[in-house]
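From a predicted model like this one, the values you see are computed outputs, not experimental measurements.
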Amino acid sequence: MSFLRIEHLRKSYGSLEILKDISLEIEEGGFLVLVGPSGCGKSTLLNSIAGLEPITSGDILINDKSVVGLHPSKRDIAMVFQSYALYPNMTVGGNIAFGMEIRGVPKEEREASIQRVADMLQIGHLLDRKPSQLSGGQRQRVAMGRALVRDPQVFLFDEPLSNLDAKLRIDMRTEIKRLHARMGTTIVYVTHDQVEAMTLATRIAVLKDGILQQFGSPSEIYNNPENVFVADFMGSPAMNLLTARVEADGSALRVSLARDGGEPLRLSIPNAPSGLSNYAGKEVLFGIRPEALTDMDGADRNAGSIGEGDCLIEVVEPAGSDTFAVTRLGGKEVVARLRADADIRAGETSRLAFNLDKVVYFDPKTEQRIR
């Protein structure tokens, strides 16, 4: 049963429409991540849930009760901002306790709550310090602690890790995931970082230009993208999107991928989506993730169909646990993800394995998935 539900939400500033008919829902205890490029409307959507932005039309329901028109203080939510928003003249303990003081929470209860979240976030030794004496990661923990003492129905996070360095972001990501597992509170989290989204979410909403592009589990978003934008945006390295020609092969289909200075690479499609037959003799976009294109010994032995092809390797990039190789197919650079010890060299031709179970196809004009 959905706990937070957004129905046909629209938000406009005059004639400029920022959010365009957004509908999604998340179960109680779920972790919803709103992801997309800068300016896509994800922070506006978060602020609408918080009550910091009035909506133009639609509805927002928390636990089956509409909160549209309710003051933010009446929505039983807590928000963690990108800027931390700590009071510089107060200690860590004072920052965490401030909201409780305003609400008239008794001193003993305040102190117990401070100790509880300080233990949870491992900041007990920082309670007497001022924010200026803290690192970025410590400040973020304090900001989270101030929200956690509220024990709200929903937590809202607005790009909370964007001011941290790369290693600290990974550490804090783990902390947030551990915190969610321990508390089981519903979270809505905004980020432009798709790795963050994939790591944290139980459900992901991908936005672009105020339009919900796709809503689903991390696995659905990654393995079954609805359109070219989602396929390209989610994943690092990004999905390879190549121009390919669909050809009839008796009663079956195959795709033809151009190779520089040689015959096209032709791959049979044993389980083609039914809609692909309408593209026989036409071009489509052939999408394959780097990990689905690998050396022959690294191919997935559980795959139903593996295609093979000789490819001229232009660049080899050792990356510790993997080796990335760059070749050209369909007139574009293609990234393959190989085993760390794969025997492959730049300037030589190597045979690569294509996991055809993982290939997706898109219409080159509409950029929508062919099913």
Which residues end up grouped with Met90 if you chain together Ile, Leu, Val, Met, Phe, Trp and Tyr wherever their side-chain heavy atoms are less than 4.5 Å apart?
Tyr87, Phe98, Ile102

What are the two closest non-hydrogen atoms of [X] and [Y], and how far apart are they?
| X | Y | result |
| --- | --- | --- |
| Tyr222 | Arg289 | O-NH2, 2.9 Å |
| Leu207 | Leu45 | CD2-CD2, 4.4 Å |
| Ala197 | Val33 | CB-CG1, 3.6 Å |
| Thr202 | Pro218 | O-CD, 3.5 Å |
| Gly347 | Leu312 | O-CD1, 3.7 Å |

Residue pairs fulfilling side chain to side chain donor-acceptor pair (under 3.5 Å) with at least one residue in [range], sequence neighbours excluded:
| range | value |
| --- | --- |
| residues 113-124 | Gln115-Asp119 |
| residues 177-186 | Glu175-Arg178 |
| residues 325-337 | Asp260-Arg328, Asp322-Arg337 |

Just how far is it from atom [atom1] of [X] to atom [atom2] of [Y], taken to the nearest 0.5 Å?
| X | Y | atom1 | atom2 | value |
| --- | --- | --- | --- | --- |
| Ile62 | Glu28 | CD1 | CD | 11.5 Å |
| Cys40 | Leu34 | SG | CG | 8.5 Å |
| Ile344 | Phe324 | CD1 | CZ | 12.5 Å |
| Leu212 | Ser23 | CG | OG | 8.0 Å |
| Met296 | Ile306 | CE | CD1 | 7.5 Å |
| Ile187 | Ile176 | CD1 | CD1 | 7.5 Å |

Test item: [X] side-chain N/O and [Y] main-chain N/O as donor-acceptor pair under 3.5 Å:
| X | Y | result |
| --- | --- | --- |
| Asn240 | Val335 | yes |
| Arg245 | Ala258 | no |
| Asn223 | Ser219 | yes |
| Asp193 | Val195 | yes |
| Gln138 | Ser135 | yes |
| Arg146 | Ala85 | yes |
| Arg75 | Val67 | yes |
| Ser2 | Leu4 | no |
| Thr323 | Ala340 | yes |
| Thr56 | Ser12 | yes |

Identify whether the distance between the nearest side-chain nitrogen and carboxylate oxygen of [X] and [Y] falls below 4.0 Å.
| X | Y | result |
| --- | --- | --- |
| Asp76 | Lys74 | no |
| Arg254 | Glu247 | yes |
| Glu101 | Lys107 | no |
| Asp249 | Arg266 | no |

Contacts of [X] that satisfy side chain to side chain contact (heavy atoms under 4.5 Å, CB included) - sequence neighbours left out:
| X | result |
| --- | --- |
| Leu52 | Asn47, Ala50, Pro72, Met79, Phe81 |
| Thr44 | Lys11, Tyr13, Ile18, Leu19, Ser48 |
| Arg339 | Asp295, Asp297, Asp341, Ala342 |
| Glu220 | Arg203, Ser217 |

Considering residues, nucleotides and ligands other than [X], do more than 12 of their heavy atoms fall under 6.0 Å from its [atom1]?
| X | atom1 | value |
| --- | --- | --- |
| Asp128 | CG | no |
| Glu263 | CD | no |
| Lys20 | NZ | yes |

Find out whether [X] and [Y] are in side-chain contact, i.e. whether some heavy atom of one side chain is under 4.5 Å from a heavy atom of the other.
| X | Y | answer |
| --- | --- | --- |
| Val149 | Val105 | no |
| Ile96 | Val117 | yes |
| Ile211 | Ile22 | no |
| Leu179 | Met120 | yes |

Between Asn227 and Gln214, a side-chain donor and acceptor under 3.5 Å:
no

Take Arg351 and Glu308, measure what salt bridge (charged side-chain N to carboxylate O under 4.0 Å, His left out) needs, and give me the verdict at the end.
CA-CA 7 Å; Arg351 180 157 286 255; Glu308 302 177 11; 2.9 Å; yes

Check the pair Arg345 / Asp343 against salt bridge (charged side-chain N to carboxylate O under 4.0 Å, His left out), numbers first and verdict last.
CA-CA 7 Å; Arg345 296 175 182 80; Asp343 184 17; 2.8 Å; yes

ring-ring contact (aromatic ring centres under 6.0 Å, His included) partners of residues 328-348, not counting sequence neighbours, each pair once
none

Review item, side-chain donor-acceptor pairs of residues 268-288, under 3.5 Å, at least two apart:
| unit_1 | atom_1 | unit_2 | atom_2 | d |
| --- | --- | --- | --- | --- |
| Ser277 | OG | Ser274 | O | 2.9 |
| Tyr279 | OH | Asp363 | OD2 | 2.6 |

Listing, residues 150-165 side-chain donor-acceptor contacts under 3.5 Å, not counting sequence neighbours, or none:
| unit_1 | atom_1 | unit_2 | atom_2 | d |
| --- | --- | --- | --- | --- |
| Arg150 | NH1 | Ile77 | O | 3.2 |
| Arg150 | NH2 | Ile77 | O | 3.2 |
| Asp158 | OD1 | Ser43 | OG | 3.2 |
| Glu159 | OE1 | His192 | ND1 | 2.7 |
| Ser162 | OG | Gln82 | NE2 | 3.1 |
| Ser162 | OG | Glu159 | O | 3.2 |
| Asn163 | ND2 | Gln82 | O | 3.0 |
| Asp165 | OD1 | Lys167 | N | 3.3 |
| Asp165 | OD1 | Leu168 | N | 2.9 |

Take Thr349 and Asp310, measure what side chain to side chain donor-acceptor pair (under 3.5 Å) needs, and give me the verdict at the end.
CA-CA 6 Å; Thr349 296; Asp310 292 326; over 6 Å; no

Could you go through Arg169 and Glu196, starting from their C-alpha distance and side-chain angles, then the distance that decides it, and tell me whether this counts as salt bridge (charged side-chain N to carboxylate O under 4.0 Å, His left out)?
CA-CA 9 Å; Arg169 282 178 75 117; Glu196 234 169 78; 2.6 Å; yes

All side chain to side chain donor-acceptor pair (under 3.5 Å) counterparts of Asp357, not counting sequence neighbours
none

